[in-house]
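Here is how names work: the chains are called A, B, and so on, in the same order as the sequence lines, proteins then strands, and each is numbered from 1.
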There are 2 protein chains.
Amino acid sequence: MRENILEAAVQLFAEYGYHAAPLRDIARLAGIQAASIYHHYPNKQSLLVEIMETHMKRLNSQLESILRKYDDPRERLRESIANHIRLHTTYKAEFFIIDTELRSLEEEPRARIIALRDEYDNLLQGLLYDGMERGIFRQSDTKVTTYAIIAMCTQVSSWFRSGGRLSVQQVIEIYYQMISQGLLLHPEGAHTQEEVARTLPPSSALGD
Amino acid sequence: MRENILEAAVQLFAEYGYHAAPLRDIARLAGIQAASIYHHYPNKQSLLVEIMETHMKRLNSQLESILRKYDDPRERLRESIANHIRLHTTYKAEFFIIDTELRSLEEEPRARIIALRDEYDNLLQGLLYDGMERGIFRQSDTKVTTYAIIAMCTQVSSWFRSGGRLSVQQVIEIYYQMISQGLLLHPEGAHTQEEVARTLPPSSALGD
DNA sequence: GTCTATACTGCGATAGAC
DNA sequence: GTCTATCGCAGTATAGAC
């Protein structure tokens with residue numbers, strides 16, 4: 001029953017948002033009365049916390065295992081993107097909630113979830129930094145680049161439909177191409193490294 | 001006063017979410033009583049609708065003017081990204097609301113706002129398609145690529161702080177580099193499309 | 001155009017029987 | 001472990017004076 005309640009909560013939180021999803025509706029979807037939920041969970045907030053915590057921890061632990069398994073930055077990047085997209089399409093609703101309901105968390109649980117998210121950010125940022133150090137990735141602001149990658153891969157959970165036009169694997173391919181190669185086909189003249197360097201603000205201007 | 005009320009609503013919708021922001025608090029922030037809001041707006045929903053509609057229309061009209069002004073896909077892309085990021089940092093809270101409160105719209109206004117968003121998507125998708133046709137952009141799925149670009153540029157509104165480490169212009173540079181060139185420094189040998197395909201692990205090896 | 005007062009509704013949560 | 005009944009409160013919105 002605990003599981004039924006949680007699934008119902010996932011569905012309604014994702015569809016209407018935490019505050020707009022009445023406990024009575026969650027109960028009805030789980031096939032019980034609202035009061036019965038309190039036998040399994042202390043309150044509404046705890047449903048949200050459990051959904052977020054479970055999936056953020058899974059996301060982190062899988063990324064950690066990828067970083068242990070691979071050394072080459074390209075493989076690490078590819079596998080990290082694949083992992084992110086696979087989880088965000090498999091647990092579409094759950095990650096959509098993580099992405100949109102942080103504001104609905106009370107103070108202490110929010111701090112915990114944000115810490116998990118920061119951990120994830122940092123692992124990816126480390127991956128990029130290492131790849132730049134080793135001359136495999138272009139020099140760029142690791143923080144902003146990390147945010148950008150996470151943002152684009154995360155949003156997959158808002159438009160992906162399984163059984164739709166594209167398979168998960170195709171989406172992963174498209175994203176990896178986009179992230180690793182960018183859009184321009186022939187970077188031509190103005191795009192050798194020195195010239196790029198001249199085009200960019202000096203890195204000192206980007207420093208903290 | 002209309003303007004004060006709207007500003008208060010923007011601030012509280014962005015901070016707590018539409019459903020979690022009581023009209024009484026919006027009124028207090030605007031320096032009046034809750035009931036007085038109803039002299040200016042018919043209900044709470046209309047505040048949300050006005051915020052979203054105003055800014056989505058602005059975003060669209062500026063993109064249209066860029067597409068009229070420039071012909072080269074590279075310039076169009078760069079200016080479109082710059083426009084997107086500039087608006088999303090200038091009207092940070094407003095676009096954050098557009099991004100997170102679509103669910104809170106009632107049916108008819110939601111259809112209108114989604115139509116505006118689709119219009120924007122389509123203009124960008126057309127830009128990419130044209131660039132690919134003309135051999136300037138890499139061939140890729142225009143829909144997914146458009147979503148990816150919009151997602152990364154939109155999220156700027158959730159972390160950007162004016163007066164922070166990076167200026168708007170620097171953020172635009174970083175994003176344009178990322179989108180146009182990607183992360184890999186030396187795609188080595190793998191610059192052409194066929195070679196890229198050969199360099200990557202065979203898609204079968206990536207199966208779910 | 002803003003106020004005070006209040007109607008009305010629906011929410012999360014609790015009590016206590018079974 | 002689930003139910004019925006209900007409490008207490010907070011929410012949007014309205015009425016009507018000034």
Side-chain angles (χ1 to χ4, degrees), chain A residues 1-53 93-94 97-98 100-110 112-113, chain B residues 1-53 93-94 97-98 100-110 112-113:
Chain A
M1 192 67 258
R2 236 186 104 89
E3 205 42 48
N4 291 26
I5 295 168
L6 208 65
E7 272 174 40
V10 164
Q11 191 174 322
L12 295 183
F13 289 170
E15 187 164 355
Y16 304 110
Y18 178 75
H19 288 289
L23 218 49
R24 285 168 171 91
D25 290 3
I26 295 172
R28 185 162 0 103
L29 200 61
I32 54 172
Q33 289 298 316
S36 307
I37 291 181
Y38 290 87
H39 178 74
H40 303 275
Y41 291 91
N43 50 41
K44 188 183 180 184
Q45 176 81 191
S46 64
L47 291 167
L48 183 60
V49 172
E50 183 161 323
I51 293 164
M52 290 190 169
E53 213 155 29
E94 289 85 344
I97 292 167
I98 290 177
T100 53
E101 297 294 352
L102 265 182
R103 282 181 303 191
S104 304
L105 288 169
E106 285 160 19
E107 199 164 313
E108 309 100 65
R110 177 161 61 233
R112 279 208 310 282
I113 304 294
Chain B
M1 193 71 263
R2 235 186 104 89
E3 204 43 47
N4 291 26
I5 295 168
L6 208 66
E7 270 175 41
V10 164
Q11 190 174 324
L12 295 183
F13 290 170
E15 186 162 357
Y16 303 110
Y18 177 74
H19 287 291
L23 218 49
R24 284 173 171 92
D25 290 4
I26 295 172
R28 183 158 6 99
L29 201 60
I32 53 173
Q33 289 299 314
S36 307
I37 291 181
Y38 290 87
H39 178 75
H40 303 275
Y41 291 92
N43 50 42
K44 189 184 181 184
Q45 175 82 193
S46 64
L47 291 168
L48 183 60
V49 172
E50 181 160 325
I51 292 164
M52 292 190 167
E53 213 156 28
E94 289 85 343
I97 292 167
I98 291 177
T100 54
E101 297 295 352
L102 265 182
R103 284 182 303 195
S104 304
L105 287 169
E106 286 160 19
E107 201 164 311
E108 309 100 63
R110 177 161 62 235
R112 278 208 312 280
I113 303 295

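Computed from coordinates, the A:D25 CG to C:dG12 C1' distance equals 13 Å when rounded to whole Å. Atoms CG (A:N4) and C1' (D:dT2) sit 14 Å apart, rounded to a whole Å. Protein atom NE2 of B:H40 is 6 Å distant from nucleotide atom C1' of C:dG1, rounded to whole Å. Whole-Å rounding puts the B:I5 CD1 to C:dC3 P distance at 10 Å. Note: CG (A:L23) to C1' (C:dG12) measures 7 Å, nearest angstrom. C:dT4 atom C1' lies 17 Å from atom NE2 of B:H39, rounded to whole Å. Taking atom OH of residue A:Y38 and atom P of nucleotide C:dC11, one finds them 12 Å apart after rounding to whole Å.
Side-chain atoms of A:K44 do not come within 3.5 Å of backbone N or O of A:P22 as any donor-acceptor pair.
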Classify every nucleotide of nucleotides 4-10 of chain D by which part a protein heavy atom approaches to under 4.0 Å, writing B for the base, S for the sugar-phosphate alone and - for neither, in 5'-to-3' order.
-> B-B----
Could you go through the side chain to side chain contact (heavy atoms under 4.5 Å, CB included) check for B:L23 and B:L47 one step at a time?
-> CA-CA 10 Å; B:L23 218 49; B:L47 291 168; 4.2 Å; yes
Candidate pair B:I5 and B:I32, rule side chain to side chain contact (heavy atoms under 4.5 Å, CB included), full reasoning | CA-CA 9 Å; B:I5 295 168; B:I32 53 173; 3.9 Å; yes
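Near DNA chain D, meaning a heavy atom under 4.0 Å from it, residues 6-21 of chain A has no residue at all.
Residues A:M1 and B:K44 both approach DNA chain D. Their nearest nucleotides, taken by heavy-atom distance, put A:M1 toward the 5′ side.
Here the CD atom belonging to B:E94 is positioned 11.5 Å from the CD atom belonging to B:E50, to the nearest 0.5 angstrom. How far NE2 of A:H39 is from CD of A:Q33: 15.5 Å, rounded to the nearest 0.5 Å.
By the 6.0 Å contact criterion, OH on B:Y41 is enclosed, its count of non-hydrogen atoms from other residues, nucleotides or ligands being greater than 12.
The salt bridge (Lys or Arg N to Asp or Glu O under 4.0 Å) pairs that include a residue from residues 12-27 of chain A are A:D25-A:R28, where partners are two or more places apart or lie in different chains.
Heavy atoms only, all atoms of each residue included: A:I113 and A:M52 are closest at CD1-CB, 3.8 Å. Of all the heavy atoms in A:E101 and A:Y18, the pair that sits closest is OE2-N, 3.0 Å.
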